[in-house]
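Beneath this line is the structure, given in structure tokens, with notes to follow.
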There are 2 protein chains.
Amino acid sequence: MFDFMTIIKALADENRVRILMSLKERELCVCQVTELLGLAPSTVSKHLAILKQARLLEYRKNGRWIYYRLADKGKSEMADEALAWVQKALANDKQLKDDEDRLEAILKVDAEQLCRKY
Amino acid sequence: MFDFMTIIKALADENRVRILMSLKERELCVCQVTELLGLAPSTVSKHLAILKQARLLEYRKNGRWIYYRLADKGKSEMADEALAWVQKALANDKQLKDDEDRLEAILKVDAEQLCRKY
DNA sequence: TCTATGATTCGTTATGTGGCGAAATATGAG
DNA sequence: CTCATATTTCGCCACATAACGAATCATAGA
């Protein structure tokens with residue numbers, strides 16, 4: 001029950017759901033997520049930490065950059081099923097399609113240039 | 001996205017999840033749910049309203065009693081899948097098994113006698 | 001080492017939410 | 001109608017949480 005509630009509460013914020021969906025096809029560094037959501041870096045960092053705690057995300061470091069991705073499957077069955085459910089439920093969401101389009105543009109900008117804004 | 005967030009937020013409270021799971025096999029009137037959770041009737045009523053708004057529950061009136069049940073399938077695909085996911089994820093939850101046991105006892109008491117306490 | 005920079009942590013503030021009791025509503029019984 | 005009772009609505013309080021900016025930490029490069 002505790003693990004389940006941790007996952008549900010992690011999902012119970014629109015910006016965190018947007019993060020999960022933006023990571024469906026690729027990994028992103030924090031500044032790219034920040035650009036997508038239009039929030040302060042500290043806020044995004046907190047959201048990522050909450051998703052990580054729920055075992056919905058993992059990350060890897062590469063120099064000064066930290067790349068987040070959806071959790072690898074098989075580590076937490078509950079997390080796997082939560083992610084599958086969210087993706088299915090929101091597969092055709094219009095707002096998230098907008099995010100996807102804007103993300104395409106963000107990915108075309110050099111990450112180093114993008115981050116320098118903050 | 002709005003419907004999805006409404007459902008997720010409805011699920012993001014342990015007492016509301018307990019309500020959903022207690023209704024898995026049967027309908028219950030408000031005072032039975034109140035007895036199960038040990039909360040004030042007004043609080044339970046609010047929780048039920050939130051679940052109803054998310055289309056996870058329906059109800060029927062019978063005299064002074066109002067019986068709540070899980071939403072009939074086929075009305076909201078998102079709600080159907082949410083309920084299926086919750087039930088699968090928590091199928092073996094220990095705390096919820098306790099609820100189930102206590103519910104058995106509550107159901108043996110005449111509902112009229114039970115409600116008179118409040 | 002020193003500086004620049006990506007990310008996180010901390011402190012604060014505003015808003016949201018769960019809880020209760022009192023009052024209101026609705027329905028059945030007498 | 002009047003009273004009892006099952007439920008909901010309302011007003012309030014305590015606590016949780018999302019947001020920001022400032023400060024801190026960590027790492028790469030000069």
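A, B, ... follow the sequence lines: proteins, then strands. Residue 1 opens every chain.
- Here the rule is salt bridge (charged side-chain N to carboxylate O under 4.0 Å, His left out) with B/R69, and of B/E27, B/E58, B/E25 only B/E58 fits it.
- Contact annotation for A/Y59: no contact, since no heavy-atom pair falls under 4.0 Å across all strands.
- Whole-Å rounding puts the A/R60 CZ to C/dG6 P distance at 16 Å.
- Using a cutoff of 4.0 Å between basic side-chain nitrogens and carboxylate oxygens, A/K24 and A/E100 are not scored as salt-bridged.
- A residue-by-residue look at A/K61 and A/T43 shows that A/T43 has its nearest nucleotide of DNA chain D further toward the 5' end.
- Note that the CE atom of A/M78 and the CZ atom of A/R55 stand 11.0 Å from one another [nearest 0.5 Å].
- Rounded to whole angstrom, the span from the CG atom of A/L37 across to the P atom of C/dA7 amounts to 14 Å.
- Whole-Å rounding puts the A/W65 CH2 to D/dT27 C1' distance at 10 Å.
- Checked against D/dC20, C/dG19, C/dT8, the side chain of A/L39 finds its nearest nucleotide in D/dC20.
- Linking Ile, Leu, Val, Met, Phe, Trp and Tyr residues whenever their side-chain heavy atoms come within less than 4.5 Å leaves A/L56 and A/I50 in two separate clusters.
- Using a 4.0 Å cut-off on heavy atoms, none of the residues of residues 4-22 of chain A approach DNA chain C.
- Atom-to-atom, CG of B/L28 to C1' of D/dT7 comes out at 15 Å; the value is rounded to the nearest Å.
- The 5' end of DNA chain D is approached more closely, in terms of each residue's nearest nucleotide, by A/S42 than by the other of A/N62 and A/S42.
- If you check C/dT27, D/dA18, D/dT8 against the side chain of B/R64, the one that comes closest is C/dT27.
- Whole-Å rounding puts the A/Q53 CD to D/dT17 P distance at 12 Å.
- For the pair A/K46 NZ and D/dT17 P, the computed distance is 9 Å after rounding to whole Å.
- Contact annotation: A/H47 side-chain N/O to D/dA19 OP1/OP2 distance is under 4.0 Å.
- Listed by chain and residue number, B/K88 satisfy the salt bridge (charged side-chain N to carboxylate O under 4.0 Å, His left out) test with A/E81 (two or more places apart in sequence, or in another chain).
- Taking atom OH of residue A/Y67 and atom C1' of nucleotide C/dA7, one finds them 13 Å apart after rounding to whole Å.
- With rounding to whole Å, B/L48 atom CG is found 18 Å from C/dT17 atom P.
- Annotation: the span from A/M21 atom CE to A/L83 atom CG amounts to 10.0 Å, rounded to 0.5 Å.
- In this pair, B/W85 and A/W85 present their aromatic rings parallel. The plane angle is below 30°, not in the 30 to 60° band.
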